[in-house]
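Heads up, the thing below is written out as structure tokens.
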Amino acid sequence: MQVVIAKNNGFCNGVKLAVDTAMGVTDNNTYLLGEIIHNAEVIKAIDEKGIKTVDDLSEIPDGATVIFRSHGVPQNYYEECNKRNIKIIDCTCSFVKKIQTIVKEQYSLGKTVIIVGQKTHPEVIGLLGWCNQSAEIIDDENVDFSYLVDKNLAIVSQTTFSEEKFEKIIKNIKILCEKTVEVFKTICYTTIRRQRETAEIAKKCQAMLVIGGLNSSNTNKLYEICKQNCPNVFRMSNADDLNYTKLKKFKSVGIVSGASTPNAQTREVLLKMEEVSKEVQATNLMEEAVAKIDSESKFKKGQIVTATISDANEDGLLILLPFSKKEILLGKDELDCEEYKVEEYAAKVGESIDLLVVELKPSLKLSQKMIKMLAEEEALSEEIASGKEFTIVCTGSNKGGLVGKIGTFSVFVPAKEIRPGFVKDLTKYVGKNLRLRALEVKKDKKKEIIASQRVILQEEKDAREAAKAAKEEAFFSSINVDDVVEGKVERVTSFGAFVSVNGFDCLAHVSDLSWTGANKPEDVLEIGKVYNFKVLKVDKENKKVSIGYKQLQPQPWELAAEKYAVGEIVHGKVVRIVPFGAFVEVEKGIDGLVHVSQICYERIETPATVLNVGDEVDAKVVALDVEAKKMNLSIKAILPEPERKPKAPKAEAEGEEKPVRKLKAVKKDEDEIGNWSEGSISVGTSLADLIANAQNNK
């Protein structure tokens, strides 16, 4: 037997660092958050060092030490540890840290983060904690990605995810969202090399051994790759799981192990294989060859033969075929049963069993379940021939179209029957599900179905358009200008908001959202919320409806009488200056005029000598006319009146008589200075002077 061992076996650098770090810890008050790797032997060794493994931070006491494993943890775990004085030994893999940074940055940019990986994997759970748990988790290339069409996507991958599967998922997403997708290829390069090497070995060997923890994600990926490239794959966690009896018949066996599998475990498997092989006796190859030729010469492919059950074991049934003296094994996977139970079939020893001859070369292959499958397939082919829709996975393409299989029937979809319109690149359909209806069913030796997906898609398109037309007709027959309707804001643009009214998109232009003006729709409306709108215009011919939000809201001047009153002091901002005054905005939509004479007590030529646009001022309301939408303001009215300086007396010309003014005297006391006034002018003089002046003017 030739044994081929993969070069990329055992611990990767990240896992090795984490394990070595944990094994070197001496602090007894140390806790491991989750299993450091998916390997029972390593976990046991760490446990024996006194390091306690916990599932949640809440289980770790304040002031202790915690080891973060290579899978990484959510961002808030670091914050919680700092608050509780928990010392961190961070063994997060460098590749995982890089993905955490990408996820955090892309989420902060408002993108929809997609993580390609398993929802339950600790690495994926940790990554979710770097984008507020908002990421989409995808692990299947065959899901419907149409819900991502309008989103701006940033895609990363779990480090141990299948490279082949990741590429298929990206390809299918880009078909729908090519312009809004940014892909970060974050599968660990060690994982990629390991997966590629595994595929190469599996193609060359007759059997494969996959060694590693049964719950190890990266090891399970290797198992899947082996199954795709080799018919005989055996999964084992350690040397105890080795069944050499199953391996001895193969001429070449490949051995691969996961990133969480110590090299020592692989060596143990090799040593056990060597030990057991020495105890196995050589097989009589000539006897087997004679029996094979003898049995195959009597049967034809597709023939149903009746055999006798001679024994039952864990692998299946030993049967005797007609005209044969040698027992052959009928594998349990070829039996028509939901669950194979040895004891039930052991009770049937001696009974007859009908089997279908599936293959003659390189060896005789029989099957019981294929008889049932063919019967079901016959019934299915009748339904398909009658026009029933069926689904296949496209397995390839050629110049003429797409190919696939359903049961034992090959399926061909001509290029013109893939979808309405011309299809340039057929390869993009490989690996995708096709919904088909048969154009022709050939039940001869070829067993071929010629089918079309286009007819289904065209029928559905026609049905959607008819339903849309009926819905539009009903909508436009029931809506009129000035109607008040309820609508949900679906999306916004720079020029307005699109609102769903009874399932129909109506436009609320940004100019019809607010009386005071809105820079963008989001200043007034919130996406996803329901509001009342007024129908402004209905264009049935072009299928357009314009609606307004502000038309149902009170205008600022309608509320002015309740908010403002003459004599009230208001605060506002100078918004424009004209030769005769300045306009002050007291609130959005309401401006008040400060006349040039009401700005200050000093005489000014223009308001611009005192005020600037943008200045914030206080002013008194001196007049308010709500109907005319006018408000007069005075800044001067709230300023302190300056003190008036008395005018200096004019000098009299020589020889000129001083005119006598008739003044009214108010005597306070005979010897006291009196107050005399004429209009607003007042002077003080003595009573004696007053009398003398009066006598001179008689």
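Computation of the quantities below employed the complete heavy-atom set of this structure, encompassing side-chain atoms and omitting hydrogens, waters and symmetry-equivalent molecules.
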What I'd like to find out is whether the side chain of [X] reaches to under 4.5 Å of the side chain of [Y], using heavy atoms alone.
X      : Y      : result
Lys221 : Ser162 : yes
Thr186 : Phe161 : no
Thr92  : Val73  : no
Glu334 : Val358 : no
Phe166 : Val183 : yes
Lys249 : Gln206 : no
Asp505 : Arg491 : yes
His121 : His71  : yes

Which donor-acceptor pairs under 3.5 Å do side chains of residues 399-411 form with protein atoms, sequence neighbours excluded?
unit_1 : atom_1 : unit_2 : atom_2 : d
Thr408 : OG1    : Glu377 : OE1    : 3.2
Thr408 : OG1    : Glu377 : OE2    : 2.2
Thr408 : OG1    : Lys447 : NZ     : 2.6

Does atom [atom1] of [X] have more than 12 heavy-atom neighbours, drawn from other residues, nucleotides or ligands, at distances under 6.0 Å?
X      : atom1 : answer
Gln133 : CD    : yes
Lys543 : NZ    : yes
Glu473 : CD    : no
Asp425 : CG    : yes

Exercise for review: Would you mind listing every salt bridge (Lys or Arg N to Asp or Glu O under 4.0 Å) that reaches into residues 93-116, with sequence neighbours excluded?
Suggested key: Asp90-Lys97, Lys111-Glu182

Study note, to complete from the structure: So salt bridge (Lys or Arg N to Asp or Glu O under 4.0 Å) across residues 224-237, not counting sequence neighbours, yields none

Do side-chain atoms of [X] reach the backbone of [Y] as a donor and acceptor pair under 3.5 angstrom?
X      : Y      : answer
Gln368 : Ile353 : no
Arg69  : Ala18  : no
Lys529 : Val489 : no
Gln158 : Gln118 : yes
Lys165 : Asp139 : yes
Tyr340 : Gly316 : yes

Set of residues satisfying side-chain contact (heavy atoms from CB on, under 4.5 Å) with respect to [X], sequence neighbours excluded:
X      : answer
Glu465 : Lys461, Asp462
Gln228 : Glu164
Lys471 : none

Practice item. Mind telling me whether Phe504 and Phe475 have parallel, tilted or perpendicular rings, with 30° and 60° as the class edges? Key: parallel

Exercise for review: List in chain and number order the residues that pass side-chain hydrogen bond (donor to acceptor under 3.5 Å, both in side chains) with Ser108, two or more places apart in sequence or in another chain; answer none if no residue qualifies.
Suggested key: none

Check your understanding: Which residues pass the side-chain hydrogen bond (donor to acceptor under 3.5 Å, both in side chains) test with Ser257, sequence neighbours left out?
Key -> Asn9

Nearest 0.5 Å, please: how far is [atom2] in [Y] from [atom1] in [X]?
X      : Y      : atom1 : atom2 : value
Ile114 : Leu148 : CD1   : CG    : 4.5 Å
Lys171 : Lys428 : NZ    : NZ    : 9.5 Å
Cys230 : Phe250 : SG    : CZ    : 7.5 Å
Asp336 : Ile371 : CG    : CD1   : 8.5 Å
Thr395 : Leu434 : OG1   : CG    : 9.5 Å
Asn229 : Thr198 : CG    : OG1   : 9.5 Å

Looking only at heavy atoms, which two atoms of [X] and [Y] are closest? And how far apart?
X      : Y      : result
Leu364 : Ile328 : CD2-CD1, 4.2 Å
Ser252 : Cys205 : OG-CA, 3.4 Å
Ile99  : Ser157 : CD1-O, 3.4 Å
Ile125 : Lys119 : CG1-O, 3.6 Å
Met208 : Cys226 : CE-SG, 3.7 Å
Ile115 : Ala135 : CD1-CB, 3.9 Å

Point to revise | Matching residue for Arg437 among Glu459, Glu383, Glu389 - test: salt bridge (charged side-chain N to carboxylate O under 4.0 Å, His left out) | key: Glu459

Study note, to complete from the structure: Sorted by chain and residue number, the ring pair (Phe, Tyr, Trp, His ring centres under 6.0 Å) partners of Phe390 (sequence neighbours excluded) come out as none

**Study point:** Listed partners of Phe95 passing ring pair (Phe, Tyr, Trp, His ring centres under 6.0 Å), at least two apart
**Key:** Tyr189

**Study point:** side-chain contact (heavy atoms from CB on, under 4.5 Å) assessment of Leu247 paired with Leu242
**Key:** CA-CA 9 Å; Leu247 292 178; Leu242 178 66; 3.5 Å; yes

Point to revise | Ile319 vs Leu355, side-chain contact (heavy atoms from CB on, under 4.5 Å): CA-CA, chis, key distance, verdict | key: CA-CA 10 Å; Ile319 60 169; Leu355 303 172; 3.3 Å; yes

Counting only pairs under 3.5 Å, give me each side-chain donor-acceptor contact of residues 412-422, with atom names and distances, residues two or more places apart or in other chains.
unit_1 : atom_1 : unit_2 : atom_2 : d
Glu417 : OE1    : Ser452 : OG     : 2.5
Glu417 : OE1    : Arg454 : NE     : 3.3
Glu417 : OE1    : Arg454 : NH2    : 3.4
Arg419 : NE     : Tyr429 : OH     : 3.4
Arg419 : NH2    : Phe422 : O      : 3.1

Check your understanding: Does a salt bridge link Lys365 with Glu359, judged by any charged N lying under 4.0 Å from a carboxylate O?
Key -> no

Exercise for review: Report yes or no: do Ser134 and Asn132 form a side-chain donor-acceptor pair below 3.5 Å?
Suggested key: no

Check your understanding: Does the side-chain contact (heavy atoms from CB on, under 4.5 Å) test come out yes or no for Leu153 and Cys177, once each step is laid out?
Key -> CA-CA 8 Å; Leu153 308 178; Cys177 322; 4.2 Å; yes

Side-chain donor-acceptor distances from residues 493-502 under 3.5 Å, at least two apart:
unit_1 : atom_1 : unit_2 : atom_2 : d
Thr493 : OG1    : Phe495 : N      : 3.3
Thr493 : OG1    : Gly496 : N      : 3.4
Thr493 : OG1    : Gly496 : O      : 3.2

Exercise for review: Verify side-chain contact (heavy atoms from CB on, under 4.5 Å) between Leu525 and Val492, making sure each step is shown before the conclusion.
Suggested key: CA-CA 9 Å; Leu525 304 176; Val492 297; 5.9 Å; no

